[in-house]
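All values reported here derive from a predicted model rather than from experimental measurement. Just follow the structure's listing: the first ligand is 1, and inside any ligand the first atom is 1.
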Amino acid sequence: MFYIGNHTTSSRGYAAMGRQMIKNGGNTFAFFTRNPRGGKAKKTDPEDIRKYLEIAQENHFGKIVAHAPYTLNACAASEELRTFARETMADDLKRMELIPGNYYNFHPGSHVGQGAENGIRLIAQLLNEVLTEEQSTVVLLETMAGKGSEMGRSFRELRAIMDLVEQKDKIGVCLDTCHVWDAGYDIAAHPDEVLEEFDQVIGLKCLKAVHLNDSMNERGSHKDRHAKIGEGKIGLEALVRLIRHPALCGIPFILETPNDDEGWKQEISLLRKEYGE
Ligand code: FE
Ligand code: FE
Ligand code: ZN
C-alpha cells in the first residue's frame, strides 16, 4: 500500500482535512496541532472526530502525522521555554488520543549555544516527562537540516536522544528528505547507503514516516528550503526511488512542498503514477 498526502493548511477540523485530502488524491496527511508559531490548540469537536474516523476508514487512510508547533523547543536555554514545550507536547498528546494510533512529529529543538550533549539530555528529559505507557500515539523525532544549533542533524544525534528515552515503543523517526539532503546525506546518488546507515545507527523499524520534499539548495548546505517535487537539487528520479524503496514500504509519505491544493493534487497524481499504482 502506498500512503501519500500533504501537510494540509486547512484548519477547519479533521473531517474537512480528510475530505480535502480525498480531493487531492491522498490517503494520509499532516497538520499543525495548533498555530505553527505556538498558541492555543484548536477546539476539538467529538462529532467532527467521529466523522473523520468514518472518512478515514471508508477511504483506507494510513496513519496521519500531526506536527508540533515550530516554537516548541525541548532544549531551550530558559526553563520557562522548556516548560512551554513540555506543556504543549503533553496537551497535544492528550488530544491525539481522540484519534488514536497515529503519529506526532516534532523538531527535536535547538540547543542555542548549550552544546549538542546538553541538547540531547534536555530533549530526552522532556520526552521522559511527557511520554506514557498508555498512550497510543508514537512520537517522531524529525531529521533536521542542521541550521544554526538545530538538533537532529545526524542519525547519531537522533540515536543518542532515543537511547535515553524510557518508553522505547512510543518514539520513532520521521525522515525529511530535504532536511537529510541539506544535512549532507546523499539520498540522490546513494539512497541504499543512506538507508543502510540509518538502519545501522537507528534501525529501520524506527523509521515511521517520510516528509517528501525536494530541496532548493545543494547537499550539505544546512539551509532547509523546500522545493516542489522534481524542481530542486534532489530531483524526481531520486524521490521516486525512495517512495518505491522496499525499506520504506507502507509508511506514510507527506508532501511539505511549496504548493496549494491544486499543486499537491498534481504531485500526488504524478507520484502515484511513478509508484506504479
Ligand atoms: Fe517539520
Ligand atoms: Fe519536515
Ligand atoms: Zn523543513
* Anything under 30° is parallel, anything over 60° is perpendicular, the rest tilted; go ahead and classify Tyr70 against Phe32. =>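 The rings of Tyr70 and Phe32 stand perpendicular, inter-plane angle above 60°.
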
* Would you call the rings of Tyr52 and Phe29 parallel, tilted or perpendicular if under 30° counts as parallel and over 60° as perpendicular? ->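 Perpendicular.
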
* Is the closest side-chain donor-acceptor distance between Asn59 and Asn27 under 3.5 Å? ->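 No, no side-chain donor-acceptor pair sits under 3.5 Å.
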
* Asked: Judged by modelled atom types alone, do His179 and Asn213 share a side-chain donor-acceptor pair under 3.5 Å?
  ->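 Asn213 and His179 do not have a side-chain donor-acceptor pair below 3.5 Å.
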
* Backbone N/O of Ser221 and side chain of Asp182: donor-acceptor pair under 3.5 Å ->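 Not at all, since once roles are kept as given, no pair shorter than 3.5 Å links the two residues.
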
* Asked: Sorted by chain and residue number, which protein N/O/S atoms are under 2.8 Å from the Fe ion (ligand 1)?
  ->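 Those protein N, O or S atoms (cut-off: under 2.8 Å from the Fe ion (ligand 1)) are His67 NE2, His107 NE2, Glu142 OE1.
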
* Asked: What protein N/O/S atoms sit under 2.8 Å from the Zn ion (ligand 3), by chain and number?
  ->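 Listed by chain and number: His179 NE2, Asp224 OD1, His226 NE2.
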
* **The single option from Thr8, Thr257, Asn6 passing side-chain hydrogen bond (donor to acceptor under 3.5 Å, both in side chains) against Trp264** =>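 With Trp264 as partner, Thr8, Thr257, Asn6 yield a single side-chain hydrogen bond (donor to acceptor under 3.5 Å, both in side chains), made by Thr257.
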
* Partner of Asn259 under side-chain hydrogen bond (donor to acceptor under 3.5 Å, both in side chains), chosen from His226, Gln266, Glu267 ->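 With Asn259 as partner, side-chain hydrogen bond (donor to acceptor under 3.5 Å, both in side chains) holds for just one option, Glu267.
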
* **Test ring-ring contact (aromatic ring centres under 6.0 Å, His included) applied to Phe106 - qualifying residues, sequence neighbours left out** =>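 Once residues adjacent in sequence are excluded, Phe106 has no partner under the ring-ring contact (aromatic ring centres under 6.0 Å, His included) criterion.
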
* Check salt bridge (charged side-chain N to carboxylate O under 4.0 Å, His left out) between Glu79 and all other residues, then give those that pass, not counting sequence neighbours. =>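 Partners of Glu79 under the salt bridge (charged side-chain N to carboxylate O under 4.0 Å, His left out) test: none.
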
